[in-house]
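For the single chain, residues carry numbers from 1 onward in sequence order.
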Amino acid sequence: ALDDARQALTGENDAEAALRTALGKVSRMADRAAGTLDAARQALERAVIETAEAIGELERAADALDASPDALERAEERLFALKAAARKHRCAVDELPGLTERIARQLDAIDAGGAQVNALGQAAQAAAQDYARAAKALHAARIAAAARLDKAMAKELPPLKLDRAVFKTAVAEVAANDGGARGVSRVTFEVATNPGAAPGPLNKIASGGELARFMLALRVVLAGSQGPTTMIFDEVDAGISGATANAVGLRLAKLAGAVQVLVVTHAPQVAARAQHHWRVAKATRGGVAATTVDTLSAASRREEIARMLAGAKVTDEARAAAESLLAGTPS
């Protein structure tokens with residue numbers, strides 16, 4: 001359409017040329033026409049200018065128009081390729097530029113991967129060497145600490161009537177590959193309760209009463225190395241009496257100087273070493289069993305310990321013995 005319009009104005013019937021010819025003829029006659037041709041000359045002048053502008057606009061419009069016949073085909077091929085790429089990567093077409101950048105970064109990382117792997121390998125080797133040095137130093141420190149612990153335990157066992165028992169802290173070193181955040185040491189407590197017997201694991205060799213006393217000795221030895229805490233001993237005096245129970249009571253009182261100690265006991269020698277007492281009793285009322293806990297005053301403390309000494313009937317002798325036991329209670 002643009003070509004036809006330009007052809008109509010500039011072809012064989014050149015409109016601009018025809019108008020310029022007419023303008024020339026009118027202009028030559030205007031001076032002798034006494035003004036009768038002035039309006040016609042002005043109209044022709046405008047027509048020449050407008051026609052020239054129209055031709056210019058048609059040419060500019062034609063130049064701006066991409067009339068390449070294969071442009072649509074190329075655009076459609078590009079669109080199909082973009083859609084195929086989006087389906088392949090399971091994303092929207094608009095997301096392809098971001099995906100391209102991400103893949104480019106990954107390719108760059110792969111290209112530099114060899115150097116990065118070497119750097120990581122060197123860092124891992126250095127870390128393994130540091131771990132080995134730290135673990136070896138920690139293992140040596142544990143061996144030294146084990147010797148000190150065994151020496152301290154040897155002093156605590158005789159008063160608990162375990163004077164023939166042997167306590168040993170075994171510290172074995174495992175391979176670095178089997179180590180962990182706590183190093184390469186495997187620590188176990190071993191005991192021998194009979195003379196000439198080989199030491200074995202504490203939890204397998206010691207009886208119930210012995211195990212309780214070994215643990216009490218450990219708690220006493222380690223009391224100064226831990227922060228504020230509460231320890232609860234449930235019948236730590238099981239299977240013992242007399243002087244042994246008294247020794248257990250003394251150790252519990254010593255332990256109570258560093259931490260809070262709660263003890264459930266049936267031994268008057270142990271109970272007498274406490275600073276505060278509660279009496280736990282169970283009774284059946286109306287066919288329902290109930291447990292009560294009562295705080296004991298100074299007088300009721302003595303009476304309760306006397307009852308533990310005498311049994312069902314509390315005698316003056318039992319009260320005197322209870323008074324004697326309480327006299328040794330730490331203030």
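Across every non-hydrogen atom of Leu96 and Cys91, the tightest pair is CD2-SG, 3.8 Å.
Without hydrogens or angle criteria, His277 side chain to Ala271 main chain gives a donor-acceptor distance under 3.5 Å. With hydrogens and angles ignored, the 3.5 Å screen pairs a side-chain donor or acceptor of Tyr131 with a backbone N or O of Gly180. No donor-acceptor distance shorter than 3.5 angstrom exists from the side chain of Ser185 to the backbone of Val187, with no hydrogens or angles considered. Judged by distance alone, with hydrogens and angles left aside, the side-chain atoms of Ser300 form a donor-acceptor pair with the main-chain N or O of Ser297 at under 3.5 Å. In this structure, Asp150 contributes its side chain and Thr169 its backbone to a donor-acceptor pair below 3.5 Å. Between the Thr10 side chain and the Arg6 main chain, a donor and an acceptor come within less than 3.5 Å of each other.
In this structure, the side chains of Leu202 and Phe214 come closer than 4.5 Å at one or more pairs of heavy atoms. In this structure, the side chains of Val26 and Leu44 come closer than 4.5 Å at one or more pairs of heavy atoms. A heavy-atom distance below 4.5 Å is not found between the side chains of His276 and Thr295. The side-chain heavy atoms of Val221 and Leu149, taken from C-beta on, include a pair separated by under 4.5 Å. Using a 4.5 Å heavy-atom threshold, the side chains of Leu255 and Val259 count as touching. At least one side-chain heavy atom of Leu160 sits less than 4.5 Å from a side-chain heavy atom of Val248. Inter-residue side-chain proximity for Ile305 and Leu325 is flagged as met; some heavy-atom pair is nearer than 4.5 Å. Contact of the Leu326 side chain with the Arg302 side chain is registered, since non-hydrogen atoms from C-beta on lie closer than 4.5 Å.
One finds a salt bridge joining Arg20 and Glu16 here, because a Lys/Arg side-chain nitrogen approaches an Asp/Glu carboxylate oxygen to under 4.0 Å. By the 4.0 Å N-to-carboxylate-O rule, Arg213 lies too far from Glu210 to be salt-bridged with it. Ionic pairing of Arg319 and Asp316 is present here: one or more N-O contacts between side-chain nitrogen and carboxylate oxygen are shorter than 4.0 angstrom. Ion pair Glu57/Arg60 flagged as a salt bridge, since at least one NZ, NE, NH1 or NH2 atom sits closer than 4.0 Å to an Asp/Glu carboxylate oxygen.
No chain of hydrophobic side-chain contacts below 4.5 Å, direct or via other Ile, Leu, Val, Met, Phe, Trp or Tyr residues, connects Leu250 to Leu162. With hydrophobic clusters built from ILVMFWY side chains whose heavy atoms lie under 4.5 angstrom apart, Leu222 shares a cluster with Val191. The cluster map of Ile, Leu, Val, Met, Phe, Trp and Tyr, joined by side-chain heavy atoms under 4.5 Å apart, puts Ile143 and Met153 in different clusters. The same ILVMFWY cluster, assembled from side-chain heavy atoms under 4.5 Å apart, contains both Leu218 and Ile205.
Residues passing the ring pair (Phe, Tyr, Trp, His ring centres under 6.0 Å) test with Phe167 are Phe189, sequence neighbours excluded.
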